[in-house]
Chemist: 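Have a look at this one before I ask anything.
Because only heavy atoms are used, hydrogens play no part in the values below, and waters and symmetry mates are left out as well, while side chains stay in.
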Amino acid sequence: MRRLVLPLLILIAAVAFWLLLRPLIAPVLDGNIGFSPEDLDRFSQTLIWLAAGFLVVRIVDRVIWEGWLRGRVQRETPELLRTVSSALLWLLVLIGVVSIVFGQSVTGLLTASSVVVAVIGFAARQLIGDLFFGIALAVERPFNVGDWVRLEDGTEGEVVEMNWRATHLITRRKMYVVIPNGVMASSRFENFYRPQRFFRESFTVRLDYDITGYQAERLLLSAVRQVPESYSLPEPPEVRVEELLPDGVVWEVRFWVPNRPDRTTIKTKIQRHLLRNLFFAGVEVARERAELIVDTVDKLQKRRPQTADSWLSRIDLFAALDPKELSDLERKAKPMLCRAGEVIVRTGEEGSSLFVLVEGALKVTPGDDESEETVLAYLDPGRFFGEMSLLTGEPRGATVAAVIDSRVYEITKADLAPLLEQRPEIANLMSSFLAERQLATQSVLADRDRESTTEDRETLAGQFLQQIYRFFDTGFLKSLTRSHKETIGSLSDRAFLEAAMAAAAMVAIADGSIDAAERAEIADVFGSIDIFRNHDRAEGLGHFDRHVEALRSGDADAERLVMKMVRPIAERPGDARIILRLCCAVGAADGQVLEPERGAIRRLCRTLDILPEEFGILET
Ligand code: CMP
């Protein structure tokens with residue numbers, strides 16, 4: 001309101017002059033100094049008009065622009081609008097003075113001014129257009145100074161100034177671009193800082209068909225993860241298949257960048273990490289290729305259909321098998337075609353086979369009626385089922401029926417038993433699946449939301465593993481005895497013995513004390529296992545006890561020493577696995593592998609560069 005005081009005082013002064021001073025001065029003048037009383041009248045009336053005009057301009061500015069409009073649009077009224085409105089009001093004052101004070105006709109003035117305005121308007125129509133678009137942009141505010149915009153024609157940059165005629169940008173190449181408001185208002189443009197500053201970018205990469213979806217996601221998403229500027233944004237990155245081409249799968253990596261100017265830098269960073277990830281994973285970007293088959297028609301006709309070869313190798317569960325084991329098992333597996341609705345296994349039945357779905361879709365329901373509404377899971381090609389009864393001897397825990405016509409293979413316990421003994425990792429992996437499925441079933445049936453924890457899964461997987469070994473009458477150590485044969489040549493060295501004993505000691509003492517069963521397991525090793533038979537039992541137990549003593553004190557150097565002994569074995573993955581199996585045997589000697597023991601096995605796995613999942617222990 002303070003801004004109204006000055007014009008009000010001027011108006012009061014002008015009125016006072018008119019009322020008080022003019023009657024006094026008028027007789028004195030009376031044409032004496034070439035200034036008649038009428039001139040004085042006109043002078044004082046003009047003063048009043050100007051003072052009143054000044055007050056009205058200030059009131060409009062204060063009440064309409066600063067009060068009403070600002071309240072409505074919640075931001076400062078553009079300077080340009082205020083200037084134009086003031087100019088119009090002053091024009092009205094001028095017309096008032098000319099017509100009322102000086103008694104002149106305004107028609108002439110208006111006509112003259114319209115002609116002048118028309119001439120000026122025509123000459124400066126672009127400028128006037130820019131002015132009005134400038135007002136529109138200033139009121140609507142689709143962007144602000146500091147925003148990053150891109151016009152339809154590809155011009156893009158940071159807005160550094162907006163005035164009554166043009167919008168000024170600075171481009172990424174540090175060039176200054178001035179865009180008339182008329183162009184700005186009539187072109188389609190994108191504001192990268194609305195509704196939020198960060199936005200999505202993407203690039204594509206072509207990978208071979210033998211890279212699975214999971215592997216592609218791991219490789220691509222981890223590259224984004226390695227760039228904190230992008231990964232720390234609230235929106236997660238995603239990976240999707242863009243196209244399936246004869247030369248490979250085109251994957252699109254979608255990631256977020258915090259602001260427009262950094263987009264190329266961040267994209268380059270992600271791509272560099274991707275190249276590194278591909279290098280370490282031994283994966284190459286797919287190349288264009290042409291296959292030349294030089295064959296006689298006769299041979300081509302005899303060629304076995306592609307679909308028949310090695311369906312088993314594509315199932316994760318059997319990934320560890322070598323080609324001979326795979327083909328033996330494949331030969332033994334019985335193919336079955338199931339019609340839609342057909343039940344393959346039913347709850348409560350005895351069963352000792354495992355099934356692998358290769359084509360179709362299956363439904364798992366809890367009761368013995370396949371038509372019931374509760375569905376535990378749908379199984380896709382590549383999934384297996386029936387492992388629970390096969391591995392534990394329990395009756396079937398669920399009913400599995402074909403949703404559409406499906407093709408499955410049946411593998412019996414007799415086919416699988418020799419492999420389970422030779423390849424303990426299969427039993428480990430299966431126990432994880434068993435645990436996962438059991439928890440999923442429990443959560444569906446109990447209708448609870450609680451997510452099962454890693455701990456639940458591991459505890460249950462450990463229990464299943466014990467059950468499997470009991471049922472198959474085998475054990476970690478038996479499997480050790482069988483699998484050592486391939487590596488026996490390289491194992492009869494002292495470094496291996498000390499590393500094995502140090503690692504076993506670390507697991508045995510992990511829960512704070514040594515169990516009689518754990519020491520017995522170690523002592524047993526020297527009697528029952530060939531590789532250890534070459535060594536002196538007393539020497540081996542001496543190493544074991546020495547490390548136990550050092551570790552018992554909780555001294556960090558003691559664990560460092562264990563790792564120092566163990567680390568060289570990482571060069572020999574076969575031997576490293578034997579040490580880890582021995583550690584699992586020691587951990588499981590008292591019936592279950594407790595969390596501290598699992599933690600010790602995880603740390604050893606890290607030093608030996610082997611995934612703990614192989615031993616049924618999940619990475620935390
Ligand atoms: P089994 O109990 O031998 O027979 C029924 C099979 O259904 C069972 O083994 C599992 O393979 C499978 N199954 C049980 N529960 C689930 C589940 N929640 N998700 C997927 N498969 C399951």
Side-chain angles (χ1 to χ4, degrees), residues 73-76 78 136-163 166-179 181 183-207 211 213-243 249-281 285 451:
V73 297
Q74 294 297 317
R75 78 172 97 89
E76 205 64 49
L137 286 176
V139 173
E140 197 192 333
R141 288 265 170 194
F143 53 82
N144 277 322
V145 170
D147 285 0
W148 194 279
V149 294
R150 179 169 64 186
L151 269 72
E152 232 170 353
D153 65 1
T155 313
E156 71 169 84
E158 185 186 344
V159 178
V160 285
E161 192 187 331
M162 295 161 67
N163 62 29
T167 301
H168 300 224
L169 306 181
I170 290 197
T171 66
R172 195 171 309 110
R173 289 158 61 204
K174 300 288 172 226
M175 274 166 52
Y176 200 78
V177 180
V178 179
I179 303 163
N181 289 335
V183 176
M184 200 76 201
S186 55
S187 126
R188 200 183 75 90
F189 63 82
E190 292 166 339
N191 183 351
F192 289 100
Y193 288 180
R194 296 267 177 90
Q196 75 273 315
R197 254 179 117 86
F198 60 91
F199 70 101
R200 201 175 66 189
E201 269 289 301
S202 67
F203 63 85
T204 57
V205 57
R206 185 156 46 168
L207 299 178
I211 308 296
Y214 288 123
Q215 197 180 1
E217 274 183 13
R218 276 201 303 273
L219 290 166
L220 302 172
L221 286 180
S222 67
V224 182
R225 213 199 158 100
Q226 286 153 345
V227 179
E229 295 95 310
S230 171
Y231 197 72
S232 58
L233 294 173
E235 296 286 344
E238 39 173 346
V239 162
R240 52 175 216 118
V241 173
E242 189 175 273
E243 224 179 338
V249 182
V250 181
W251 291 91
E252 186 190 21
V253 185
R254 296 172 162 193
F255 57 95
W256 297 83
V257 287
N259 54 50
R260 184 74 181 168
D262 289 346
R263 105 179 189 276
T264 322
T265 326
I266 289 174
K267 188 162 153 181
T268 309
K269 271 191 192 173
I270 294 176
Q271 286 172 329
R272 287 178 62 162
H273 280 289
L274 176 60
L275 288 176
R276 198 169 171 277
N277 292 354
L278 292 175
F279 172 76
F280 281 110
V285 169
E451 285 267 316

Chemist: Near R276 CZ, under 6.0 Å, is it more than 12 heavy atoms from other residues, nucleotides or ligands?
Modeler: no

Chemist: Output yes when a side-chain donor or acceptor of D262 lies under 3.5 Å from a complementary backbone atom of N259, and no otherwise.
Modeler: no

Chemist: Any sub-3.5 Å donor-acceptor pair from R194's side-chain atoms to P142's backbone N or O?
Modeler: yes

Chemist: List for me each residue that meets side chain to side chain contact (heavy atoms under 4.5 Å, CB included) alongside P236, sequence neighbours excluded, and say none if there are none.
Modeler: none

Chemist: Indicate yes or no for a side-chain donor-acceptor contact from T204 to the backbone of W251 under 3.5 Å, with no hydrogens or angles considered.
Modeler: no

Chemist: Taking F198's backbone N and O only, do any of them form a donor-acceptor pair with Q196's side chain (distance below 3.5 Å, no angle check)?
Modeler: yes

Chemist: Only pairs at least two apart or in different chains count here, so list each salt bridge (Lys or Arg N to Asp or Glu O under 4.0 Å) that has a residue in residues 216-225.
Modeler: none

Chemist: With side chains defined as the heavy atoms from C-beta onward, is the minimum distance between M184 and V149 less than 4.5 Å?
Modeler: yes

Chemist: Test R260 against every option in E158, E156, R197 by the side-chain contact (heavy atoms from CB on, under 4.5 Å) rule and name the one that passes.
Modeler: E156

Chemist: Closest approach of G146 and Y193, non-hydrogen atoms and distance?
Modeler: O-CE1, 3.4 Å

Chemist: Between A223 and N277, which heavy-atom pair has the shortest distance, and what is it?
Modeler: N-ND2, 3.4 Å

Chemist: What closest approach, in Å, do I170 and V160 show between heavy atoms, and which atom pair accounts for it?
Modeler: CG1-CG1, 3.8 Å

Chemist: Run the salt bridge (Lys or Arg N to Asp or Glu O under 4.0 Å) check on R240 and E238 step by step: do they pass?
Modeler: CA-CA 7 Å; R240 52 175 216 118; E238 39 173 346; over 6 Å; no

Chemist: Counting only heavy atoms not in R272 (residues, nucleotides, ligands), do more than 12 fall under 6.0 Å from its CZ?
Modeler: no

Chemist: With sequence neighbours left out, what residues match Y231 under ring-ring contact (aromatic ring centres under 6.0 Å, His included)?
Modeler: none

